There are 2 protein chains.
Amino acid sequence: MKAVVKPVSEVPATIYDVAERANVSPATVSRVLRGTQPVAPATEERVRKAVAALRFRPSRLGVALAERKHAANGIVFPDLSGPFYTEVVLGYEEMAAQRGRSVLILSTRDRADAAQAVLSLADRVDGMVLFGRTVSDDVVQEVAATGVPVVLLGRPEVPGTDVINTENERSACQLTRHLLDHGHRRVVYLGDPTASADAAGRWAGVSKALKEARRRRFIATCGADESAGRATAKELLRSRTRPDALVCFNDEVALGAMLAAEELGLRPGADVAITGWDDVMAARFARPALTTVRQPMRELGAQAAAALDERITGARAGLIHRVLPTEVLIRDSCGGHRT
Amino acid sequence: MKAVVKPVSEVPATIYDVAERANVSPATVSRVLRGTQPVAPATEERVRKAVAALRFRPSRLGVALAERKHAANGIVFPDLSGPFYTEVVLGYEEMAAQRGRSVLILSTRDRADAAQAVLSLADRVDGMVLFGRTVSDDVVQEVAATGVPVVLLGRPEVPGTDVINTENERSACQLTRHLLDHGHRRVVYLGDPTASADAAGRWAGVSKALKEARRRRFIATCGADESAGRATAKELLRSRTRPDALVCFNDEVALGAMLAAEELGLRPGADVAITGWDDVMAARFARPALTTVRQPMRELGAQAAAALDERITGARAGLIHRVLPTEVLIRDSCGGHRT
DNA sequence: TTGTACGCGTTATCAC
DNA sequence: GTGATAACGCGTACAA
């Protein structure tokens, strides 16, 4: 009778099995595998053969406990819809992987126990990135207090954390000036400055430009998604004092606003200027194409991962506070440049 | 002199510290915390107080080693651009979180060491989801052989794995029939059937409908992104035998094709029908709006997580092979229903 | 109901 | 250059 192929799920070999087979101590096996101390060539040879024969792979569990490190980073975001968070996560993962660290994700959307989840994530990683709109500063502090390095993205500083943001005020101001220069008179900002630091920064920029031009500063509190934008814009555009320019918190809101305009028989770009933020794919394909602001999303993620690494390895002691530049993209939705 | 607030990053307490303070054994502390065995109310009270006083939180490292479980799932995707992978990941994370498991992500894009990375991910998780277009079947087999449950998404079955797909052929066939019914004669599929099971399935559906109608079956091998779609479509639409319908592998390709048509002075929807797949946001906002096929993305992710859980906990022994339904969304890009 | 003692798989510190 | 051996922090049979 022919020998049956061994069921593949044998018990995985341990470092002891390897040691025994190679006639050395577990310590020596470890030394060979990690290259942490010189080992005699002949011994090394024996060890390597045993490792291969037994298909030995060090248990991450054991390694982690011994090193007291997870070799993993976390990232906490409110959602993943739209390219913004997605691209940041991608940049983050790529950089983390380059440095040999895994990435744990956590979405807080629709989650009552977000704080708990973040705290629990904190003890599975060596460091984590936290976006705005996820958990309160208390929780951030608590995490930082456990000794887990934290990098904040798109939110104001919390003591003991690194912060990386993208530029908001300046671009928003520039965008608004452009609108004013091209003859728009009644500019309204659609967003909620109390909801996030980004929303506040953008409003500050809009506000500044309007002030300079001695225009009234209008703001319509608005959620951050398409349906909120559509509803808010509809109301505004139906009012007697119809705005001729809508500066929206992001592209979703702006695209919703475009829909609202069309539904009211108004032509975006001609009858009402509309601008967004993020340069999502749909912004390019909408007609008219959406004027928006592009952020260096990948770069944001990559820098966050790098900053985390520096703190985890102890390469850096002080805290970072960085602001990445953004770029205004003028397209057709803000009017035909009717100077 | 007033006592200074203790520096927050003290050495975290261990279960032994708690035991000592509560005058019990570490075992009892464990019992209280895990609720695994009854403990006298008075004892429990003492333990809980000690836990609170010391701010004790069990080390995941210790727990994991003792339980020999990671309490974590992995998910491997080729990329995260576009809403497809993103939404699947989100559905996956949500379901995993509900079941108390963390999620590790791994992107294989632009990665020479993808196989290595996947193997290494395999020993940080209790199970993982693998998308098509990530690693070869060999690697999948290798992972499965280590005893880590694997669920495959959007790729053909590999022995020993669960598989969940979304329906391709039927919807593609339906879509193509619609085009034929509405007078389109020269239908070309833009995609690469050798690149993924999804691409192959969609081509099969298109092919079938064309065959039924005794039409010639045209296919133009094409990458899966916007620029590939644009280039391929441009070439096709410039040829003497210009197609009057382009069935594209996904929305990115289709949107690229729309761009190409416009650049050549052709009106998508009127001069040439164009269809996509995935129903990305831009599909709704393009003009004309893009006819496409919607997949239950969240559901796909959620089911994958559930399937994994069943295998990890041993609730299920056999393997699953499931196909989720998709929905054709007829919009303006495939012509004005000029029956 | 509670405690003892060992196992989990490595790494690292000493001796030799 | 190599081998014992002690952490690492927890879970859990087994015993009491």
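Chain naming here is simple, since letters A, B, ... match the order of the sequence lines and numbering starts at 1 in each. Since the structure is predicted, the reported quantities are computational estimates derived from the model, not experimental observations.
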Under a 4.0 Å heavy-atom cut-off, which of residues 58-72 of chain A touch DNA chain C? A/P58, A/S59, A/G62, A/V63, A/L65, A/A66
Would you mind checking if B/R111 and A/E94 are paired as a salt bridge, meaning a charged N to carboxylate O distance below 4.0 Å? no
Going by salt bridge (Lys or Arg N to Asp or Glu O under 4.0 Å), name the pairs with one or both residues in residues 120-132 of chain A, residues two or more places apart or in two chains. A/R101-A/D126, A/D123-B/R57
Would you compute the distance between atom CG of A/D137 and atom CG of A/L130 and round it to the nearest 0.5 angstrom? 9.5 Å
Strand-adjacent residues in residues 30-55 of chain B, judged by heavy atoms under 4.0 Å from DNA chain D: B/S30, B/R34
Can you tell me how far P of C/dG3 sits from OH of B/Y16, to the nearest Å? 14 Å
Close side-chain approach of A/V51 and A/V47, heavy atoms under 4.5 Å: yes
Rounded to 10°, the helix from C/dT1-D/dA16 to C/dC16-D/dG1 deviates from straight, judged by its five-pair end axes, by 40°
Atom pair distance, as rounded to whole Å: CD1 in B/I15 and P in C/dG7: 19 Å
Measure the shortest side-chain to side-chain distance between A/T313 and A/R99 over non-hydrogen atoms and say whether it is less than 4.5 angstrom. no
As an exercise, state the distance from CG of A/L308 to CE of A/M128, rounded to the nearest 0.5 Å. 9.5 Å
Any chance you could measure A/T14, atom OG1, to A/E20, atom CD, to the nearest 0.5 Å? 9.0 Å
For the CG atom of A/D162 and the CD atom of A/Q303, what is their distance to the nearest 0.5 Å? 11.0 Å
Can you give me the first and the last nucleotide of DNA chain D (5' to 3') that has an atom within less than 4.0 angstrom of a non-hydrogen atom in chain A? D/dG1 to D/dG9
How many whole angstroms separate atom CZ of A/R57 from atom C1' of C/dT10? 16 Å
Salt bridge B/R311-B/D309, side-chain N to carboxylate O under 4.0 Å: no
What are the two closest heavy atoms between B/S107 and B/P78, and how far apart are they? OG-O, 3.7 Å
B/E44 versus B/T28: any side-chain heavy-atom pair under 4.5 Å? no
CD/B/Q98: more than 12 non-hydrogen atoms of other groups inside 6.0 Å: yes
Within the 4.0 Å heavy-atom criterion, would you say A/N23 contacts the bases, only the backbone, or no part of the nucleic acid? sugar-phosphate
Sequence neighbours left out, what passes side-chain hydrogen bond (donor to acceptor under 3.5 Å, both in side chains) with A/E67? Give chain and number order. A/R34
Whole-Å gap separating P (C/dG9) and CZ (B/R124): 17 Å
